[in-house]
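Following: one structure in structure tokens, then a few remarks.
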Amino acid sequence: MGNMRRYRCTRFAGWLLAAAVLLAACLPSARASGGTALGAGSYEIGSSSLSLYVNAMGGIQFANGIYRGASVTVDGAGNAQLTLRFGAGQVTIYSITVDTFIHATPTVDGTQYTVPPGYYDPQGVVRTAAYTLSGNTALDNNGESVRYVDSMTFPVSVGTGTATYHLWLYVNSNVMGCQFGSGSGSAGSNSPGQLTSYAATLSIDWDSVQGGSVATSSPSEPGAQQTPDAQSSGSPIQEPSPAPGDGGEDGPIGGSGLVEIPAVVRLASTVETASYTVSARDLDLPPGAHVAVSASPEGTLQNGADKIVFANVLAGETLQATGDTLTGVIQVDGSPSNVGSYTGTVQFAIRIVRGDG
């Protein structure tokens, strides 16, 4: 991931530190269409299903209520992105009703894990998907209210007939959680990020694609396969200094520490996504206080007049102790027309939040 940029937390409430991270991508010419006959636009998929089946406890289908449907978006070069919609569901285990949901940052035995939703590529490798979190919450296995994953998006090739895909999903509940994947492992429940014998199997009937609305992205000419190689650097914008004797509306919090953000984020030549880690160092905070980190959710890479959109998803927002981490994912969406260097920025905001805030 290259060098790290370090941003020192301050002792005042409400002040934001914005770290502008520059993304640069050297991109070849635009991608080929991938064989889809769909024009640029967004389409609802009429027939799709997700299986999250556990054969224990009398046999439980954990996808019930969680899976809400799918749509596909095609850009001007024919590249397709599949979006799956999720919600909070319920299952009944031995007459007990259990609330279920997909969780990207579960906590098990006091340890928080980062297990963003993903998909298996054609070579059987798990790739991280872009995802969003619901504004609603559900109770996790610790009785805490948490925001759950309500969508994930990843690249696909649109075909005909029914296609199946394996996904990488951690399903949590107010009782326990379970990692679903290809079904090739042996780990048990409450084992985030470990292979289990439970498969997350998605079925898409490509013949059921319905309607279509014109895409907002500009079409680009089809061409050779393109893959980005992005690198970033960044420098902080100085935070404003309060007037003498003015600690802010909420008064001074106290505390200090470092937040590290990678100075370089690279996208390998064969993928369109890259992950990065934001980490806390030397945190010394008052009881109940934490560091809150947020990042701009999207941006644009540009080379002259040619632009390409990227999404930025940061899993979670809270750093409470030294060693805590947050995982982000950059995903390029679209096909550039020109060969060369594309640049853009991601903004990060970092602040100390008091225990009652």
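Each residue takes its place number in the sequence, starting with 1.
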### Query
Is there a side-chain contact between I45 and L82 (heavy atoms, below 4.5 Å)?
yes
### Task
Taking all heavy atoms of Y120 and all of S182, pick out the closest pair and write down the distance.
OH-N, 3.2 Å
### Task
Taking N142 for its side chain and T107 for its backbone only, find out whether a donor-acceptor pair lies under 3.5 Å.
yes
### Task
Before giving the answer on side chain to side chain donor-acceptor pair (under 3.5 Å), spell out for S151 and T132 the whole-Å C-alpha distance, their side-chain angles and the decisive distance to 0.1 Å.
CA-CA 5 Å; S151 80; T132 59; 2.6 Å; yes
#### Entry: Minimal non-hydrogen separation, A80 against V74, with atom names
CB-CG2, 4.2 Å
### Query
If Ile, Leu, Val, Met, Phe, Trp and Tyr residues are connected whenever their side-chain heavy atoms lie under 4.5 Å apart, and connections chain through other members, are V156 and L167 in the same group?
yes
### Message
Quick check: do D150 and R85 have side-chain heavy atoms less than 4.5 Å from each other?
### Response
no
### Query
In the single-linkage hydrophobic clustering (I, L, V, M, F, W, Y; side-chain heavy atoms under 4.5 Å), do Y113 and Y170 co-cluster?
yes
### Task
Assess the side chains of T73 and S42: does a donor N or O sit below 3.5 Å from an acceptor N or O?
yes
### Query
So how far is it from L169 CG to C178 SG, rounded to the nearest 0.5 Å?
11.0 Å
### Query
Does D99 use its side chain to pair, donor to acceptor, with the backbone of N174 at less than 3.5 Å?
no
### Task
Starting from the C-alpha separation in whole Å, work towards a yes-or-no answer on side-chain contact (heavy atoms from CB on, under 4.5 Å) for Y198 and L52.
CA-CA 7 Å; Y198 308 117; L52 301 169; over 6 Å; no
#### Entry: Contact check, side chains of S71 and E44, non-hydrogen atoms, under 4.5 Å
yes
### Query
Looking at CD of Q61 and CG of N55, how far apart are the two atoms once the value is rounded to the nearest 0.5 Å?
11.5 Å
### Message
Could you measure the distance from the CH2 atom of W206 to the OG1 atom of T160? Nearest 0.5 Å is fine.
### Response
11.0 Å
### Query
M152, F101: one ILVMFWY side-chain cluster at the under-4.5 Å cut-off?
no
### Task
Rounded to the nearest 0.5 Å, what's the gap from CG on N172 to CG on D140? Could you check?
5.5 Å
### Task
May I have the step-by-step check of side-chain contact (heavy atoms from CB on, under 4.5 Å) for L133 and V149, ending in yes or no?
CA-CA 4 Å; L133 297 177; V149 175; 4.0 Å; yes
### Query
Between S191 (side chain) and S189 (backbone), is there a donor-acceptor pair under 3.5 Å?
yes
### Query
Same cluster or not: are I261 and V293 linked, directly or through other Ile, Leu, Val, Met, Phe, Trp or Tyr residues, by side-chain heavy atoms under 4.5 angstrom apart?
yes
### Message
Listing request: all ring pair (Phe, Tyr, Trp, His ring centres under 6.0 Å) pairs with a residue in residues 138-165, at least two apart in sequence or in separate chains.
### Response
Y119-F154
### Query
Would a 4.5 Å heavy-atom cut-off, applied to side chains only, mark V146 and T137 as touching?
no
### Message
For G193 versus V115, what's the shortest heavy-atom pair and its separation?
### Response
N-CG1, 3.4 Å
#### Entry: Closest contact, heavy atoms only, L314 versus A295
CD2-CB, 4.2 Å
### Query
How far apart are the closest heavy atoms of V171 and I66, and which atoms are they?
CG1-CD1, 4.0 Å
### Query
Does Y67 belong to the same Ile/Leu/Val/Met/Phe/Trp/Tyr cluster as V54, with side-chain heavy atoms less than 4.5 Å apart forming each link?
yes
### Task
Specify the closest pair of heavy atoms between Q90 and T100, including all atoms of both residues, with the distance to one decimal.
N-OG1, 3.7 Å
### Query
Where the side chain of N190 meets the backbone of M176, is there a donor-acceptor pair that is under 3.5 Å apart?
no
#### Entry: Residue pair S186, L195: steps toward the side-chain contact (heavy atoms from CB on, under 4.5 Å) verdict
CA-CA 6 Å; S186 59; L195 290 171; over 6 Å; no
### Task
Would you give the length of the straight line joining atom CZ of R68 to atom OG of S48, rounded to the nearest 0.5 angstrom?
13.0 Å
### Query
Do S279 and D324 touch side chain to side chain, with heavy atoms closer than 4.5 Å?
no
#### Entry: Main-chain N/O of D282 paired to T322 side chain as donor or acceptor, under 3.5 Å
yes
### Message
What verdict does the side-chain contact (heavy atoms from CB on, under 4.5 Å) test give for Q179 and W168, after you've listed the backbone C-alpha separation in whole Å, the side-chain angles of each residue and the deciding distance to 0.1 Å?
### Response
CA-CA 8 Å; Q179 183 73 58; W168 181 252; 3.4 Å; yes
### Query
Quick one: CG on L50 to CD1 on I102, what's the gap to the nearest 0.5 Å?
7.0 Å
